[in-house]
Amino acid sequence: VFMLMIVIAETGRGQAVLRFLFWYLFLIMLVNDLLMFTGLITFKDGNHEGYLVGTKFSVSYLHMNLLTMWVLSRRGRKDKKRVPVWIAAIAAVLVAMVAIRINCMTGVLGSIVLVVLFAMMEGENRHKLIKLTSPWMLLLVLVLSVVLAFLADTITQIPLVRYVVEDVLKRDTSITGRTNIYEMYVANLTGRWMWGYGYGNGNDVAVSLFGYQNVQNGFLHWVLQVGIAA
């Protein structure tokens with residue numbers, strides 16, 4: 001994949017790749033949504049509803065990626081006008097509605113963030129958007145993703161936050177069991193911090209230790225498999 005990206009960059013085919021990816025994702029979305037909304041073929045994983053492309057998160061990311069590819073592929077073509085922010089916002093609302101249908105708050109929040117980023121692309125704050133690509137910003141996000149995991153339970157116990165989560169959003173303050181995982185995480189990594197439980201064993205180990213198919217945090221899931229050293 002890395003070699004392919006180099007070839008694409010050197011031959012100036014970036015926009016062609018974006019257009020290809022857009023139509024590729026569009027066809028997958030059509031089939032997935034057709035099955036999902038019609039119930040023509042249903043997928044079950046125990047008591048949970050599954051989908052052609054995987055979990056509810058995969059469905060949300062598919063729609064967000066498709067919207068992003070649409071905006072970027074139009075943005076780079078001289079023969080077509082760029083997608084106005086208000087049209088992108090309407091499309092993001094549709095993506096959010098799909099996320100609500102499959103009960104994925106990640107997709108709803110992601111849709112809101114996408115609208116903000118699209119607006120920054122076209123506005124005077126574009127230089128601020130470019131700063132988000134900084135390696136230091138990536139490092140900061142990685143650190144925050146780990147720190148917030150262990151502070152999540154404390155944050156959700158704040159009265160205002162608890163009210164919003166339970167009464168407004170009708171969600172569980174355990175964040176669908178995630179805080180339970182983070183409470184047990186440190187104890188279960190004792191003696192395994194350096195090398196983990198082995199590459200590729202993450203899902204099986206997570207089920208046996210926490211009762212969930214993964215750690216529900218990408219960075220911590222990698223540490224569980226290959227340790228801090230890797």
Side-chain angles (χ1 to χ4, degrees), residues 1 17-74 83 87-118 141 145 148-149 152 165-166 168-182 199-222 224-225:
V1 173
V17 171
L18 288 176
R19 289 193 295 273
F20 167 79
L21 288 175
F22 167 75
W23 288 110
Y24 169 71
L25 294 175
F26 182 75
L27 290 174
I28 294 177
M29 184 209 69
L30 278 182
V31 178
N32 179 83
D33 288 9
L34 176 65
L35 298 179
M36 181 174 67
F37 286 110
T38 64
L40 192 63
I41 299 177
T42 58
F43 305 89
K44 292 290 184 180
D45 181 13
N47 295 325
H48 300 282
E49 182 180 6
Y51 307 95
L52 179 67
V53 296
T55 66
K56 62 182 182 180
F57 299 103
S58 301
V59 175
S60 290
Y61 298 152
L62 169 62
H63 286 78
M64 288 190 290
N65 287 336
L66 179 65
L67 175 57
T68 302
M69 290 298 173
W70 179 52
V71 172
L72 292 180
S73 62
R74 299 270 302 192
V83 177
I87 293 182
I90 292 176
V93 170
L94 296 177
V95 172
M97 291 174 64
V98 172
I100 293 173
R101 154 65 178 81
I102 59 179
N103 194 29
C104 182
M105 291 304 297
T106 302
V108 176
L109 294 175
S111 301
I112 296 173
V113 172
L114 276 181
V115 174
V116 174
L117 294 177
F118 291 153
V141 170
S145 71
L148 289 177
V165 172
E166 292 184 339
V168 178
L169 300 178
K170 306 298 181 182
R171 314 290 288 195
D172 184 7
T173 51
S174 70
I175 319 177
T176 323
R178 287 174 175 81
T179 57
N180 301 330
I181 297 175
Y182 306 144
Y199 176 74
N201 295 327
N203 291 0
D204 292 334
V205 172
V207 170
S208 63
L209 294 180
F210 311 112
Y212 296 86
Q213 292 184 343
N214 58 67
V215 183
Q216 300 296 311
N217 180 290
F219 197 85
L220 294 179
H221 193 69
W222 275 107
L224 179 74
Q225 293 186 90

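Along the sequence shown, the residues carry numbers beginning at 1. Computed from a prediction, not measured in an experiment: that's the story for all the values here.
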Just jot down the side chain to side chain contact (heavy atoms under 4.5 Å, CB included) partners of [X], sequence neighbours excluded, or say none.
X	value
V116	M120
V53	I28, N32, S58, V59, L62
A96	S111
N203	N214, H221

Shortest non-hydrogen separation from [X] to [Y] and the atoms involved:
X	Y	value
S145	N217	O-ND2, 2.9 Å
L67	A88	CD2-O, 4.2 Å
T179	A152	CG2-CB, 4.1 Å
F26	L66	N-CD1, 3.5 Å

Could you tell me if the side chain of [Y] sits less than 4.5 Å from the side chain of [X], heavy atoms only?
X	Y	value
T106	Y61	yes
W70	I87	yes
L224	L209	yes

**Q.** Trace of the side-chain contact (heavy atoms from CB on, under 4.5 Å) decision for H63 with D33
**A.** CA-CA 10 Å; H63 286 78; D33 288 9; 2.8 Å; yes
Just verifying a value: how many Å separate [X] [atom1] and [Y] [atom2], rounded to the nearest 0.5 Å?
X	Y	atom1	atom2	result
Q225	L220	CD	CG	12.0 Å
K56	M105	NZ	CE	10.0 Å
T55	I102	OG1	CD1	8.0 Å
F22	L27	CZ	CG	9.5 Å

Q) Among all residues two or more places apart in sequence or in another chain, which pass the ring pair (Phe, Tyr, Trp, His ring centres under 6.0 Å) test with W222? A) none
(Q) Is it the case that the side chain of S60 and the backbone of F57 share a donor-acceptor pair, with hydrogens and angles ignored and the cut-off at 3.5 Å? (A) no
Q: Return yes if some donor-acceptor pair links the side-chain N/O of Y182 with the main-chain N/O of Q216 below 3.5 Å, else return no.
A: yes
Q | side-chain contact (heavy atoms from CB on, under 4.5 Å) assessment of Y212 paired with V207 | A | CA-CA 5 Å; Y212 296 86; V207 170; over 6 Å; no
Q. Partners of N103 by side-chain hydrogen bond (donor to acceptor under 3.5 Å, both in side chains), sequence neighbours excluded?
A. R171
Q) salt bridge (charged side-chain N to carboxylate O under 4.0 Å, His left out): which pairs involve residues 90-105, sequence neighbours left out? A)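 Only E49-R101 qualify under salt bridge (charged side-chain N to carboxylate O under 4.0 Å, His left out).
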(Q) Between N180 and F210, does the side-chain contact (heavy atoms from CB on, under 4.5 Å) criterion hold? Intermediate values first, please. (A) CA-CA 8 Å; N180 301 330; F210 311 112; over 6 Å; no
Q.
Let's go through F118 and T68 carefully: what are the C-alpha distance in whole Å and the side-chain angles of both, what is the deciding distance for side-chain contact (heavy atoms from CB on, under 4.5 Å) to 0.1 Å, and is it a yes or a no?
A. CA-CA 9 Å; F118 291 153; T68 302; 4.2 Å; yes
